[in-house]
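First up is the structure itself, then whatever we jot down about it.
Just so it is clear, the values below take in all heavy atoms, side chains as well, and ignore hydrogens, waters and symmetry mates. For clarity, every value in this text was computed on a predicted model and none was experimentally measured. Atoms within a ligand are numbered from 1 in the order they appear, just like the ligands themselves.
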Amino acid sequence: MIILGIETSCDETAAAIVDDTGTIRSNLVLSQLKEHEAFGGVVPEIAARAHLEHLDTLIRAALSDANLTLDDIDGVAATCGPGLIGGVMVGMMAGKAIAAAKNLPFIAVNHLEGHALTPRLTNQNLQFPYLLLLVSGGHTQILVAEGVGRYKRWGTTLDDAAGECFDKSAKLMGLPYPGGPNVEKIASECQNPAAALERFPLPRPLINKNKHDLNDLDFSFSGLKTAVRTHVDNLPAGDLSRADIADLAYAFQSATAEILSQRVEKALKRFRQTYKIDQPDLILCGGVAANKTIRAALEACNATLHAPPLELCGDNAAMIAWAGLECLRTGHSDPLDFKARPRWPLDPEENR
Ligand code: KG4
Ligand code: ZN
């Protein structure tokens, strides 16, 4: 089975082809960084127009990279939410059009499920259930994956997502967009980590609240961002040296890693109790999973960590093709009148 995947839910236009052996035949990602840089964040209208401009060429290139034509494809999977609705519509309609023209099954993929199933693309032996920390620009969630299409959300952020916090804090420190990779880069220049932590104390919101309640697994990042702002404001105006920023970025990254790993340890305890599995599989996914300090903090948790390779951490279409393939294997495909969903929780009961 060979699936074409399409991803356009944020600021990456992506097309990929994946087969049922887990081989990525092609995987093209066109970043819109340049288009949005001047605005310090993603502008939805610009994103949608850029997807429209590039998607058909990219799909053609993905087919040609894989040495295939549309006649070799067995199904079309496109992200249908959650995300910026204009962009989602572009990818979804392109996917539907190809499926209609070629009489192929269409699979409406939840972008979050794309991230959640990526570790099964890279490791065909990974079995359900597993615990998932999904950390991206729009989401910070602890989920249990019980099967394809079957997720329980155990924790989420009450305010900003971790990636959003990286991006906003970076902006406060005067670092360019996207903040995450730039914070990581400059933090690596920190000369004296212990001194940096002492110089810039930062809060770990919620980690001491209801410490023993394993059901309390939510996150909060806005206080951390505010504390970064306070430190920046307290430094001599206009005199933020590269060394200052390196120290602050280091302290910020450490705080984020500690918040995430503390929550995950707690979730692992609950997972062991719920599923009677001593050595759970822990999956780190989403764009923030690229961060090496965060990876190291989670590696230290009491579980077997699976983190996708860097090129599959951020948004891409191979994960969408794979999620589509997993759905199709369970006998599921979607009608061509499927409606795009700007909000699309993975756990249907999460608003309880
Ligand atoms: O999953 P993703 O590519 O897009 C969605 O939000 O769906 O995640 C993007 C987020 C951005 O906030 C970006 O700053 C963050 O992932 N990110 C990082 C790193 N690389 C990307 N955050 C921390 N460290 C990184 N190396
Ligand atoms: Zn994403």
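G138 counts as a contact of ligand 1, since one of its heavy atoms falls under 4.0 Å from the ligand.
Contacts of H111 with ligand 1, taken as heavy-atom pairs under 4.0 Å, involve the side chain alone. Counting heavy atoms closer than 4.0 Å to ligand 1, residue K292 contributes nothing at all.
When only non-hydrogen protein atoms are considered, atom 10 (C) of ligand 1 lies nearest to G137 N, 3.5 Å. Here the heavy atom of the protein found nearest to atom 1 (O) of ligand 1 is G287 N, 2.9 Å. Looking only at protein heavy atoms, the nearest one to atom 24 (N) of ligand 1 is N291 ND2, 3.1 Å. Of the protein's non-hydrogen atoms, the one nearest atom 13 (C) of ligand 1 is D167 OD1, 3.8 Å. Here the heavy atom of the protein found nearest to atom 18 (C) of ligand 1 is G180 CA, 3.5 Å. Among all non-hydrogen protein atoms, the one lying nearest atom 26 (N) of ligand 1 is E184 OE1, 2.7 Å.
Tracing side-chain contacts under 4.5 Å through hydrophobic residues (I, L, V, M, F, W, Y), one never reaches L104 starting from F106; they form parts of separate clusters.
A salt bridge between R270 and D213 is absent, with no side-chain N of the basic residue lying under 4.0 Å from a carboxylate O of the acidic one.
Using a 3.5 Å distance cut-off with no hydrogens or angles, the side chains of T13 and H54 do not pair a donor with an acceptor. In this model, a donor atom of one side chain and an acceptor atom of the other lie less than 3.5 Å apart for S220 and D159. N27 and E311 form no side-chain donor-acceptor contact under 3.5 Å, judged by distance and modelled atom types alone.
When T293, D315, V288 are checked for heavy-atom proximity to atom 3 (O) of ligand 1, D315 turns out nearest.
N110 places a side-chain N or O within donor-acceptor distance of the main-chain N or O of W344, the cut-off being under 3.5 Å.
Applying the 4.0 Å criterion to heavy atoms of G163 picks out, from ligand 1, the atoms 12 (O). Atoms of ligand 1 lying under 4.0 Å from any heavy atom of G314, numbered from 1 in the order shown and given with element: 3 (O). Contact atoms of ligand 1 toward H115: 1 (O) (distance under 4.0 Å to a heavy atom of the residue).
M319 has its side chain out of reach of L121: every pair of non-hydrogen atoms, C-beta onward, lies at least 4.5 Å apart.
Look at H115 and the Zn ion (ligand 2): an N/O/S atom of the residue is under 2.8 Å from the metal.
Taking the six-membered ring wherever Trp is involved, the centroid distance between the rings of Y250 and F252 does not fall below 6.0 Å.
Summarising the local packing, CZ of R204 is surrounded by more than 12 heavy atoms from other residues, nucleotides or ligands at distances under 6.0 Å.
Contact between A162 and V135 at its shortest, heavy atoms only, is CB-CG1, 4.1 Å.
Geometry at the Zn ion (ligand 2): OD1/D315 and NE2/H111 form an angle of 90°, nearest 10 degrees.
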